[in-house]
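Only one structure is covered here, and it is reproduced in the block below.
All ligand and atom numbering here is 1-based and tracks the order in the structure.
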Amino acid sequence: MPATVVLGTQWGDEGKGKAVDYLADRMDFVVRYQGGNNAGHTIIAEGRLLKLNLVPSGVLYPHITNVIADGVVVDPRILLGELDELEASDVQIGELRLSLNAHLIMPYHRELDKVAERFLGKNALNTTRRGIGPAYADRAARVGIRVQDLYDEKIFSAKLEVALKDKNQILAKIYNRLAMQPEQIFEDYLAFAERLRPYVTDTSKLLYEGLAAGKHVMLEGAQGTMLDLDHGTYPFVTSSTPVAGYAAASAGFGPRDIERVIGVTKAYVTRVGSGPLPTEDIGPAGERLGERGHEFGTVTGRKRRCGWFDACVLRFAARVNGLTDIVLTKLDVLSGFEKLPVCVGYRAGGQTWDDVPPNQTLFHEAEPVWEELPGWQDEIREVESFDDLPKEAQRYVRFLEEIGGVPVSIVGVGPVREQSLVAS
Ligand code: IMP
């Protein structure tokens, strides 16, 4: 049975949690394939509001096995906290499986993320300060600690010692911080390991066997295409690979199993942190988008920068991910605007672009080429079918579809699972 990838086409916060949750009842597995607790999913289902950082979005379905795959960096304290919260809220959850190969976020990663950002001053990336970048850096430098290491005390102790030797020099000599002691970390992480033991699995094999047995697998991306380490607005990116090509690599099966790649696209754009956002609106309209869309970060509470729909970004995301269809979210936020500007191209470096320019300097100076569509006044949150949307709203959706070159399959008109209209 084929696998489906669901990922963000913008700068994260497209509403992927709700999209995955909506699509999940037909799935047997939901797999988180990158990032860590820098992501935040808000799901409202059956009257319950859940804020998740690490646990995959299929968790509200008892029939789903939720997998945290190899390419995720896991802060065990956060994961266990989330599981405690789910248990306390009486939510019936699906099974959870954690890959033996996932890397751990250690206390020194969190500390280094904080102090490095502080030292960068006005050049700061505005990371979530959760230790994501330093954990991925250690993974690439081959000094990371993986989930499986916790179950061999000798190995864990040796690896921790190696890592701390280096990290303590950096913390003390570069950042003027206190060195960290291995004993406490060792003890804490062994206690986490005991609690995590029932979840730890060879998830690659589990998924392979699932696919072979005809099960449906959904691979859930965090962040978004424009925050991808290679394809995003480097260096204003996260340290992992949200694009679709990485999903199978992280999950540990071959790419031929992936048949559908769904791009979750917000009806406007937002970004948290630094970096270019060509269609940003810093005036009252942008303010209004932020208020209507409740654009505050789930993880850090930071106000998101808001702007108008950017078709260059959508075309780029369609190209680098091979999108098969789009879930368009938060269309309801656009009600009440007289006109809706859409960026249909950029001007940069003396030429026009219909896609993201290949050179970062050009992207930084990109000026949108606008096309204006008529808005609609009525609220649309109660609308139950696509054909009942105001004709201007239908036109807006069809315009994005045409200009992005990818069909829209579902349109979100509110935060609740049921506020999802089938568009094709
Ligand atoms: P990091 O992922 O914490 O290293 O942060 C790097 C950049 O990615 C910062 O600009 C963050 O604001 C951004 N970022 C990380 N995770 C998310 C997310 O889930 N949504 C939106 N932006 C994110």
G133 versus S239, closest heavy-atom pair with distance: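 Scanning both residues completely, I find the closest heavy atoms to be CA-OG, 3.3 Å.
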Do you know the tightest heavy-atom contact between I68 and P56?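 So the two residues come closest at CG1-CD, 4.0 Å.
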In terms of side-chain heavy atoms, does S57 have a donor or acceptor partner in E220 at a distance below 3.5 Å?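 The criterion, which ignores hydrogens and geometry beyond distance, is satisfied for E220 and S57.
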Checking T127 against N38: is there a side-chain donor and acceptor pair closer than 3.5 Å?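 Checked: N38/T127 side chains show no N/O donor-acceptor pair below 3.5 Å.
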Taking only residues two or more places apart in sequence or in another chain, which ones pass ring-ring contact (aromatic ring centres under 6.0 Å, His included) with F192?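 Testing F192 for ring-ring contact (aromatic ring centres under 6.0 Å, His included), a comparison that skips the adjacent residues, returns Y189.
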Write out the protein residues near ligand 1, meaning a non-hydrogen atom under 4.0 Å from one of its atoms, in order of chain and number.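 Answer by chain and number: W11, D13, N38, A39, L125, N126, T127, T128, Q223, L227, V237, T238, V272, G273, R302.
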Salt bridge check, D332 against R292: does any charged N sit closer than 4.0 Å to a carboxylate O?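 Looking at R292 and D332, the cut-off is not met.
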